[in-house]
Amino acid sequence: MTAELFEDMAPEKGAQTVMAPGAMLLHGLARAVDAALLRGLEDVIASATLRHLTTPGGYTMSVAMSNCGPLGWVSDRSGYRYEALDPLSVRPWPVIPPCWMDLAVEAAVQAGYQRFQPDACLVNMYEPGAKLSLHQDKDEKDFSAPIVSVSLGLPATFLFGTGSRSDKPQRHRLVHGDVVVWGGPARLAYHGVAPLADGEHPLLGRRRINLTFRRAG
Ligand code: SIN
Ligand code: FE2
């Protein structure tokens, strides 16, 4: 009875879950700065609008994406790659807001990665039903830097596997303010997001935002 009652309780802010060697979930790390992060989001998506990219196979992604930083991740019929210019506006991507950068660097340090210098931040926007299939982040030049991923808004089920696609992924619930860092032996782990359940978040409504920081170039 007690176990059932407490099963749904989120780990405390400040708690850390080791997901695998090199991979850590930092519970609630971004919550204290959520208002500043969301102001940065307004600026970023005002200059680089969210859009549904096409995969090389011709599918339209259910997650809407944008970028900030010197490099931005894009996908179209010719493949996945990083680009210095937003293909929609043909202008450089907006700068990474300073409070985003501070959080990403701090999260990396807490997970054991010193001197993380991201040059790309992918902004993912999920509406109910949107999902991201299992994939590896492998379009970056250098895999020595970790990936730092910040979740805001509606909760999601994050799938986190190993370097082998056939291994069954772990499932982790990510709530507003959670940060996941993976690098080192976990850098090429397959990961994805299960279809987003509907809900209403006090700050973001029926949306989940994920900010993924990388060293791409
Ligand atoms: C990603 O893999 O780029 C996004 C992961 C997430 O939305 O949590
Ligand atoms: Fe990814």
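Bear in mind that the values here come from a model prediction, so they are computed numbers and not experimental data. Numbers for residues simply follow the sequence, beginning at 1. In listed order, ligands and their atoms are each counted from 1.
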Asks: Say whether H135 and D137, considering side chains only, have a donor N or O and an acceptor N or O under 3.5 Å apart.
Replies: yes
Asks: Checking N67 against W73: is there a side-chain donor and acceptor pair closer than 3.5 Å?
Replies: no
Asks: So which protein heavy atom does atom 1 (C) of ligand 1 come closest to, and at what separation?
Replies: L132 CD2, 3.5 Å
Asks: Is it true that R81 and E83 make a salt bridge, defined as a side-chain N closer than 4.0 Å to a carboxylate O?
Replies: yes
Asks: Of all the atoms in ligand 1, which lie at a distance below 4.0 Å from a heavy atom belonging to R214?
Replies: 3 (O)
Asks: Show me which atoms of ligand 1 lie under 4.0 Å from any heavy atom of T212.
Replies: 3 (O), 4 (C)
Asks: Give a yes/no on ligand 1: does M65 have at least one heavy atom closer than 4.0 angstrom to it?
Replies: no
Asks: Does the T17 side chain pair with the main chain of M19, one donor and one acceptor, at a distance under 3.5 Å?
Replies: no
Asks: I'd like to know if the side chain of D119 reaches the main chain of A216, judged simply by a donor and an acceptor atom lying under 3.5 Å from each other, with no hydrogens or angles considered.
Replies: yes
Asks: Suppose we measure from atom 7 (O) of ligand 1 to each protein heavy atom; which comes out shortest, and what is that distance?
Replies: Y126 OH, 2.5 Å
Asks: Starting from atom 8 (O) of ligand 1, locate the nearest protein heavy atom and write down its residue, its atom name and how far away it is, to 0.1 Å.
Replies: R208 NH2, 2.9 Å
Asks: Is there side-chain contact between L25 and H172, with heavy atoms separated by less than 4.5 Å?
Replies: yes
Asks: Can you list the atoms of ligand 1 that are under 4.0 Å from a heavy atom of H191?
Replies: 2 (O)
Asks: Tell me whether R208 forms a cation-pi arrangement with Y126, defined as NZ or CZ under 6.0 Å from the six-membered ring centre and within 45 degrees of its axis.
Replies: yes
Asks: How far is atom 5 (C) of ligand 1 from its nearest protein heavy atom, and which residue and atom name does that atom have?
Replies: N210 OD1, 3.8 Å
Asks: When you check the space around the Fe ion (ligand 2), which protein N, O or S atoms turn up under 2.8 Å?
Replies: H135 NE2, D137 OD1, H191 NE2
Asks: Using modelled atom types only, decide if a donor and an acceptor are shared between the side chain of R171 and the backbone of A194 within a distance under 3.5 Å.
Replies: no
Asks: So, W182 versus F158, ring centres under 6.0 angstrom or not?
Replies: yes
Asks: Using heavy-atom distances, let me know which of N124, L174, L122, T157 sits nearest atom 4 (C) of ligand 1.
Replies: N124
Asks: Within the structure provided, determine whether P97 and V44 are in side-chain contact (heavy-atom separation under 4.5 Å).
Replies: yes
